[in-house]
Amino acid sequence: MTKPSISRMPNPADFVPEVADVSAALFRATGNHSVPRTTINLIHLRAGQIVNNTYLTILNTGFLRKAGETEERITAVASWQDAPYFTAAERAALALLEATLQPTPHGRERVSDELYAEVAEHYDQKAMATLTIAIGQINFFIALAVIGKPQPVTSLTAQQWD
């Protein structure tokens, strides 16, 4: 039995074809190998979880499976803080993503100097810039995903490149 589409809007690229260029440019920018693609997919999966978006969580779960990630690591992204499956660098990247996406108490910076320093212990300047772009990349897709509510698909995992 085929379920009806849950999408609220057609593919935006059908109306604004330049969005495909933006998407491709972001994937090229984050694919410079200064940050492992797996780390980028881990933070993108966590972002999808934070914003409660099925499209993003299914998509990034598929990317992680394609990369050979274990089900334990994929499942534990939701509770990464106490899960034993992540490196210190991955934990720092996940903390940076969460600080960027989640509100902080009034008067505090989302990304503290301490958090930035912690992340910088694991990533050089190029990787820090790439990680920042990867967080911006998922924010770009969050808007499309939560507004348009695209139908979850796994077929896009074959299109990812490094």
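Start at 1 with the first residue, then count along the sequence.
The shortest non-hydrogen separation linking E118 to H122 is O-CD2, 3.2 Å. Across all their heavy atoms, V77 and R46 have their closest contact at O-CD, 3.5 Å. Summarising the geometry of N53 relative to A145, their closest heavy-atom pair is ND2-O, 3.2 Å, with the distance given to 0.1 Å.
Summarising the geometry, atom CZ belonging to R91 is positioned 15.5 Å from atom CG belonging to L96; distances are rounded to the nearest 0.5 Å. Put simply, CG on L59 and CG on L45 are 10.0 Å apart, with the number rounded to the nearest 0.5 Å. Here CG of L64 is found 9.5 Å from OG1 of T70. Values are rounded to the nearest 0.5 Å. Here the straight-line distance linking atom OH of Y55 with atom CG of N60 works out to 9.0 Å at 0.5 Å rounding. Note that CG of N11 is 9.0 Å distant from CG of L144, once rounded to the nearest 0.5 Å. Atom OG1 of T100 is separated from atom CG of L131 by 8.5 Å, given to the nearest 0.5 angstrom.
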For L56 and V146, what are the C-alpha separation, side-chain angles and deciding distance, and is it a side chain to side chain contact (heavy atoms under 4.5 Å, CB included)?
CA-CA 9 Å; L56 292 173; V146 300; 5.8 Å; no
Check the pair F86, L42 against side chain to side chain contact (heavy atoms under 4.5 Å, CB included), reporting the backbone distance first and the verdict last.
CA-CA 10 Å; F86 304 102; L42 288 171; 4.0 Å; yes
Stepwise, does the side chain to side chain contact (heavy atoms under 4.5 Å, CB included) test hold for F140 with V19?
CA-CA 10 Å; F140 173 80; V19 78; 3.5 Å; yes
With salt bridge (charged side-chain N to carboxylate O under 4.0 Å, His left out) as the test, would you mind laying out the steps for R73 and E90 before giving the verdict?
CA-CA 11 Å; R73 275 176 49 91; E90 291 168 338; 2.8 Å; yes
Apply side chain to side chain contact (heavy atoms under 4.5 Å, CB included) to the pair K126 and V35, showing each step before the final yes or no.
CA-CA 9 Å; K126 181 176 182 178; V35 176; over 6 Å; no
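Side chain of N32 to main chain of A29: a donor-acceptor pair is present (N/O by atom type, distance under 3.5 Å, no hydrogens or angles). Although no hydrogens or angles enter the test, the distance criterion places no donor-acceptor pair under 3.5 Å between the side chain of T75 and the main chain of E72. Remark: the backbone N or O of T57 is paired with a side-chain donor or acceptor of T61 at under 3.5 angstrom.
At least one side-chain heavy atom of L101 sits under 4.5 Å from a side-chain heavy atom of N139. At a threshold of 4.5 Å between non-hydrogen side-chain atoms, the residues T38 and E69 count as touching. Side-chain contact between Y123 and T39: present, with at least one pair of heavy atoms (C-beta onward) separated by less than 4.5 Å.
Environment of CD in Q102: crowded, with over 12 heavy atoms of neighbouring residues, nucleotides or ligands closer than 6.0 Å. Within a 6.0 Å sphere centred on OH of Y116, heavy atoms belonging to other residues, nucleotides or ligands number 12 at most.
In this structure, F27 and F141 have tilted ring planes: the angle between them lies in the 30° to 60° band.
Defined by atom type and a distance below 3.5 Å, a donor-acceptor pair is present between the side-chain atoms of T30 and R37. The closest side-chain donor-acceptor pair between W80 and E98 falls under 3.5 angstrom.
Exactly one of N41, I43, L97 qualifies for a side chain to side chain contact (heavy atoms under 4.5 Å, CB included) with I138. That residue is L97.
Salt bridge status for R65 with E71: present, with a side-chain N to carboxylate O gap under 4.0 Å.
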